[in-house]
Every structure is written in structure tokens, then in C-alpha cells.
Protein chains: 2
Amino acid sequence: MQKYRNIGIKLTPQRLAVLEFLEGNKSHPSAEDIYRAVKNRYPMISLATVYNILETLKEKGLVQELNIDPSKKRFDPDTSSHHHLICMGCGKVIDISMDYSPHIPETAIQGFEVKRVHLELYGLCQDCREK
Amino acid sequence: MQKYRNIGIKLTPQRLAVLEFLEGNKSHPSAEDIYRAVKNRYPMISLATVYNILETLKEKGLVQELNIDPSKKRFDPDTSSHHHLICMGCGKVIDISMDYSPHIPETAIQGFEVKRVHLELYGLCQDCREK
DNA sequence: TCTAATTTAATAAACATTATCATATTAGAA
DNA sequence: TTCTAATATGATAATGTTTATTAAATTAGA
């Protein structure tokens with residue numbers, strides 16, 4: 001993939017496989033999820049390598065680490081400002097693509113330089129409400 | 001403490017110690033933090049008990065579990081709608097007590113019944129900006 | 001093609017959290 | 001107040017996730 005030539009990392013088959021899996025992925029996978037998916041095509045890949053790659057991609061701004069799941073990290077290739085609906089019933093996570101970030105007055109921010117706004121809406125999805 | 005009589009749990013010294021430590025606490029402590037603090041006064045307490053107690057208090061709505069730290073759970077006795085400033089430099093977490101939750105249109109919510117809104121502002125605190 | 005720097009894979013280690021279960025304690029009944 | 005069933009605790013094992021270690025393999029540029 002020529003598109004990854006200029007991001008300043010060595011291109012390895014493992015990295016390309018992870019990038020390819022993540023591209024456009026809306027499932028907010030964990031490291032383990034990514035490992036399992038990539039392993040199908042590159043059975044020699046190691047879980048440690050997936051962790052290494054995710055750390056590298058995070059530093060390069062190509063993925064975002066999400067703290068939406070208390071038991072493990074989740075990763076999102078969408079690094080734009082967007083938010084998440086999280087179902088407390090089934091754990092499903094759905095993107096809200098529009099940016100509804102509120103404007104917080106300077107006085108409330110106490111000198112912080114805000115870089116990123118995360119908004120999570122916890123609740124029950126349609127399916128879980130019906131149960 | 002008479003105030004805890006009617007919350008539907010047995011009152012034990014361990015539970016009272018944890019409740020007392022958490023009351024009004026703005027430090028967003030982890031289970032380990034709580035364990036260390038309570039251990040000073042009740043040296044016989046076990047870390048497993050602290051986890052049990054936190055789980056119970058969460059079920060009773062007396063504490064909130066926060067997913068602001070990827071490496072561990074943090075707990076907050078303030079269960080009202082409030083938000084957090086998180087410093088990417090030093091890890092400090094500061095409350096924003098006012099409720100700036102945006103109103104998200106029904107169409108964006110896709111049938112979700114939203115129970116709780118979490119807003120996290122990641123950035124650099126005054127101290128870390130100066131470095 | 002060669003080589004220095006980097007990456008990978010396998011595995012061990014480190015943490016945080018949960019599970020297990022015998023013993024101790026609580027709260028309400030008698 | 002005493003008794004007892006239900007529940008909580010504490011010690012420790014087990015689990016699951018993530019990080020550290022390091023020899024061997026691979027990449028990218030000279």
C-alpha cells in the first residue's frame with residue numbers, strides 16, 4: 001500500500017495487515033479481536049506484535065485508544081471527533097458521527113488546554129429495551 | 001453512621017470505613033488507592049473486600065465507576081451528572097461540576113434509551129502546559 | 001548487495017480484577 | 001438478650017490483559 005509510505009514507519013506485512021483490518025472498521029475491536037482477525041490471513045503473527053503495532057499507530061495518530069470498556073482497551077481507526085453510544089445491556093458500541101461537543105466556558109476549564117473531547121452515552125439499545 | 005441504615009446492606013466496619021473515605025472525596029481513587037487509605041485505620045482489611053464493597057456500592061448507586069484510566073478502574077462517590085478534565089501530561093483528573101451535557105437529537109440516538117452521559121475533556125493542565 | 005536500525009515472535013513477567021471457600025460477623029427473630 | 005440464617009470477610013488461587021525481554025528476522029537506505 002503506497003498510502004502508508006509517508007507515515008514514518010517501516011512497512012511490514014504485519015503492520016499492513018493490521019492497518020487493512022482497521023481501515024473503515026466500526027466495531028471498536030480490542031487487541032485480541034484484531035489479533036484473531038489478522039491471524040486468519042497471517043497465522044504467524046504474535047499477539048505481542050499486535051500490541052506493538054497498535055502502540056505505534058497510536059503514536060502516529062492513525063488509531064485512537066478508547067476507554068469505553070473497563071475490562072480492556074478498544075481501538076478505533078476513526079480519529080475524528082465523534083462520540084459513542086454504549087449499551088449497558090449487550091455492550092454494543094455505536095458511533096455518533098456528528099460532533100455534538102458542547103462548548104465549555106473558559107472559567108470551567110481551569111487553565112486546561114483541551115485537545116480532545118470524548119462523549120459517551122450509556123444506556124440501552126433498541127434490542128435490549130425490548131427484552 | 002445512621003445515614004447508611006436504609007440503603008439495604010449490612011453495615012460492617014469495612015463498609016463504613018470505605019464509605020467514610022469516599023465521602024466528599026474528589027480524587028477519583030482506584031481500588032488500590034482506597035485499600036491503602038482504609039488500611040491505615042483498619043489494617044486487617046483485605047483488597048478483595050474492597051473490591052466486593054465497591055461492587056456493592058455501585059449496585060446501590062452510591063458510587064460510580066469511571067473508565068477514565070486505561071490501566072485501572074477509578075471510583076467516584078459523586079453520582080450526579082458531572083464531567084472530567086483529564087490531563088494527558090500528569091494524569092490528574094478534575095471535576096467539572098456543572099452539567100454541560102449536550103442534547104442529542106433522537107435521530108442520532110438510534111432507539112437508545114440514554115441513562116447517563118459522560119463527557120471527558122482530555123488535554124493539558126496549567127502546570128503541564130508550562131513545562 | 002550490504003548493513004545498521006528496527007521489528008517480530010515467543011515467552012516471561014507484571015498488574016488488575018475475579019473466583020473460591022472456610023471462617024467470622026451481622027441483623028432480625030425468638 | 002440470645003440464637004440463627006444469611007451474608008460478608010480475608011486469604012489465596014485463578015484469570016485476563018498488557019508490558020517487558022531478547023534472540024532472530026526483516027526493512028530501508030547507503
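Residue numbers start from 1 in every chain, and the chains themselves are labelled A, B, ... in the order their sequence lines are given, proteins ahead of strands.
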**Student:** Over how many whole Å does the gap from A:Gln14 atom CD to C:dA10 atom P extend?
**Tutor:**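 Atom CD in A:Gln14 sits about 11 Å away from atom P in C:dA10.
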**Student:** Please assess A:Val63 against A:Thr56 for the test side-chain contact (heavy atoms from CB on, under 4.5 Å), listing each intermediate value before the final yes or no.
**Tutor:** CA-CA 9 Å; A:Val63 300; A:Thr56 302; over 6 Å; no
**Student:** Do the ring centers of B:His118 and A:His118 come within less than 6.0 Å of each other?
**Tutor:**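 Not under 6.0 Å, so no.
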**Student:** Once you round it to whole Å, what is the distance between C1' of D:dT17 and CG of B:Asp69?
**Tutor:**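 Atom CG in B:Asp69 sits about 14 Å away from atom C1' in D:dT17.
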**Student:** Taking the nucleotide of DNA chain C with the closest heavy atom to each, which residue, B:Glu55 or A:Lys10, is nearer the 5' end?
**Tutor:**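 Looking at DNA chain C, the more 5' nearest nucleotide goes with A:Lys10.
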**Student:** Find the distance A:Leu47:CG to C:dA9:P and express it as a whole number of Å.
**Tutor:**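 From A:Leu47 CG to C:dA9 P: 11 Å.
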**Student:** Of B:Met44 and B:Pro70, whose nearest nucleotide on DNA chain D comes first from the 5' end?
**Tutor:**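 It is B:Met44, whose closest nucleotide lies nearer the 5' terminus.
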**Student:** Could you tell me the separation between the CG atom of A:Leu54 and the P atom of C:dT7, rounded to a whole number of Å?
**Tutor:**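 Spelled out: CG on A:Leu54 to P on C:dT7 is 14 Å.
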**Student:** Tell me if the CZ atom of B:Arg129 is crowded by more than 12 foreign heavy atoms within 6.0 Å.
**Tutor:**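 Atom CZ in B:Arg129 is packed in, count exceeds 12.
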**Student:** Quick one: is A:Tyr51 getting a side-chain N or O under 4.0 Å of the D:dT19 phosphate, OP1 or OP2?
**Tutor:**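 For D:dT19, neither OP1 nor OP2 has a side-chain N or O of A:Tyr51 closer than 4.0 Å.
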**Student:** I need the OH-P distance between A:Tyr35 and D:dT18, as an integer number of Å.
**Tutor:**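 Those two atoms, OH and P, are 14 Å apart.
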**Student:** For the pair made of CD1 in B:Ile53 and P in C:dT26, what is the distance, rounded to whole Å?
**Tutor:**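 To the nearest whole Å, that distance equals 12 Å.
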**Student:** Could you pick out which residue, B:Pro13 or B:Ala48, lies toward the 5' side of DNA chain C when each is mapped onto its nearest nucleotide?
**Tutor:**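 Its nearest nucleotide being more 5', the pick is B:Ala48.
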**Student:** Quickly work out the B:Ile45 CD1 to D:dT9 C1' distance and round it to whole Å.
**Tutor:**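 After rounding, the gap between these two atoms is 9 Å.
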**Student:** Taking any heavy-atom pair under 4.0 Å as a contact, classify A:Ser30: base, sugar-phosphate, or nothing.
**Tutor:**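 Counting heavy atoms under 4.0 Å across all strands, no contact is made by A:Ser30.
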**Student:** D:dT18 C1' sits how many Å from A:Arg74 CZ, rounded?
**Tutor:**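 Going from A:Arg74 (CZ) to D:dT18 (C1'), I get 16 Å.
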**Student:** By the 4.0 Å heavy-atom rule, please label A:Thr49 as base, sugar-phosphate, or nothing.
**Tutor:**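 Base, at least one base heavy atom under 4.0 Å.
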